[in-house]
Novice: 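Below you'll find the structure I mean.
Reminder, nothing fancy here: chain letters follow the sequence lines and each chain counts from 1.
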There are 2 protein chains.
Amino acid sequence: MAPSRRDHLVDTALELFVRDGFHATGIDKILAESGVAKMTLYKHFKSKDELILSALRRRDERFRNWFMRAVESRAQAPRQRLLAIFDALDEWFSGRDFNGCMFINASAEFARPDDPIHVAAAEHLRLVLAYVRELATAAGARDAEALARELMLLAEGAIVMAHVAGQADAAKNARRAARTLVDHALA
Amino acid sequence: MAPSRRDHLVDTALELFVRDGFHATGIDKILAESGVAKMTLYKHFKSKDELILSALRRRDERFRNWFMRAVESRAQAPRQRLLAIFDALDEWFSGRDFNGCMFINASAEFARPDDPIHVAAAEHLRLVLAYVRELATAAGARDAEALARELMLLAEGAIVMAHVAGQADAAKNARRAARTLVDHALA
DNA sequence: GAATAAATATACAGATCGGTCTGTCTTGTC
DNA sequence: GACAAGACAGACCGATCTGTATATTTATTC
């Protein structure tokens, strides 16, 4: 079964949104890039914002899937998995198409906290945090919630320093800090 | 001496850019809000991008000024100043008009690393990092550069978690992690 | 092969974008 | 009072924006 027009549309939009941003990517560019007609887009999506939401949902799904596999394939021991988070980030940052976190970017362009797009970005972070908390719990942290939040700070900070400041080694710095925090939390 | 038209323009633009984003803020809105004529704007700035750069420069100047005063007024001892960073962030996040970091947002909308606006954002982070490194050096850290980078990760991560995920206590989590890292680095 | 559904191309609407241009009016200075 | 500088208002430009309408082509299915 050939990929549906809708899927193709979401994939193309996803790529352009990540590369150029949301406001800077016009409907017409998405249509030209995907070879889909305008009426087809508006049959599947009520508006550009709906398309953005679909792209964010797909990104969330793919990213967390990749992330969990990347972490779990690197280590078996729970404590090592907490550190493997930052090895996965390092791989991500080193990719040619790294352009920051799509959800941080979405929150920048849709700043009102009640904007559905901003809400979707918040939900993504909530889900990633929940996964890190699972890892922290498995590792036997006294306060898994606290450790997870601390590691999330390092992870998000690394994304920012890698993207905004171009610090290619941000994930490595974060890993070093993470080891200190994990040692402290598991002592 | 009345504030110059140019200054008023930059201030108005700064406010709107922070609140609504860069692409979402049109020239006309800035003019209407500031009561300045269009030709006056284009006499002072070659383009909208030039106005954005001026707004970023002003923001960088004001933010770092506020930040250094906020840190130094909270503590005298170098080690305590490193932790005061996160008390200052907490105050910032609690403000009614907190809308994330303008430089992270700018990098999201102007993603190409060689874009002058992205470069300006990178420079801002570089300057903040330099200040944190000074504090770390004064505190007698064995590796001041490493400690400064780790604390920067926590700070930027806190900004993201506070803005994107609406975590009001992000700065407090960061402060707790920072204490662990500082203790480890000064041991 | 006809009927049906979907996707196509194209044109268009109405608004807004960044930026230019032409004037008018105010203000300060000599 | 003459004059120049600077800011004003507002029309205007071409391009682009999201979204809609129409009419044609393609593909599937009976």
Novice: To the nearest Å, how far apart are A:Leu41 CG and C:dT8 C1'?
Specialist: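 Rounding to the nearest Å, CG of A:Leu41 and C1' of C:dT8 are 14 Å apart.
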Novice: What is the separation between atom CZ on B:Phe45 and atom P on C:dT20, rounded to the nearest whole Å?
Specialist: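 After rounding, the reported distance stands at 15 Å.
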Novice: Once each nucleotide of nucleotides 5-21 of chain D is scored for protein heavy atoms under 4.0 Å, what B/S/- sequence comes out, 5' to 3'?
Specialist: -SSBB--------BBBB
Novice: Under the side-chain hydrogen bond (donor to acceptor under 3.5 Å, both in side chains) rule, collect the residues that match up with B:Arg19, sequence neighbours excluded.
Specialist: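 So B:Arg19 forms no side-chain hydrogen bond (donor to acceptor under 3.5 Å, both in side chains) with any residue.
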Novice: Within the structure provided, determine whether B:Asp60 and B:Leu56 are in side-chain contact (heavy-atom separation under 4.5 Å).
Specialist: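 Sidechains of B:Leu56 and B:Asp60: no contact.
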Novice: Do A:Phe63 and A:Trp92 make the cut of ring centroids closer than 6.0 angstrom?
Specialist: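 Here the rings of A:Trp92 and A:Phe63 have centres that are less than 6.0 Å from each other.
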Novice: Who pairs with A:Asp183 by side-chain hydrogen bond (donor to acceptor under 3.5 Å, both in side chains), at least two apart in sequence or on another chain?
Specialist: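 Once residues adjacent in sequence are excluded, the partners of A:Asp183 under the side-chain hydrogen bond (donor to acceptor under 3.5 Å, both in side chains) criterion are A:Arg79.
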Novice: Should the pair A:Arg149-A:Asp143 be classified as a salt bridge under the 4.0 Å nitrogen-to-oxygen rule?
Specialist: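 Here A:Arg149 does not pair with A:Asp143 in a salt bridge, since their nearest N and O are not under 4.0 Å apart.
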Novice: To the nearest angstrom, how far is B:Ile30 atom CD1 from C:dG19 atom P?
Specialist: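 To the nearest whole Å, that distance equals 11 Å.
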Novice: Would a 4.5 Å heavy-atom cut-off, applied to side chains only, mark B:Phe22 and B:Ile117 as touching?
Specialist: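 Side chain of B:Phe22 against side chain of B:Ile117, heavy atoms only: no contact under 4.5 Å found.
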Novice: Report the distance from atom CG of B:Leu16 to atom P of C:dC17, rounded to the nearest whole Å.
Specialist: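 These atoms are roughly 12 Å apart.
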Novice: Find the distance A:Asp7:CG to C:dA7:P and express it as a whole number of Å.
Specialist: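 Between P of C:dA7 and CG of A:Asp7: 12 Å.
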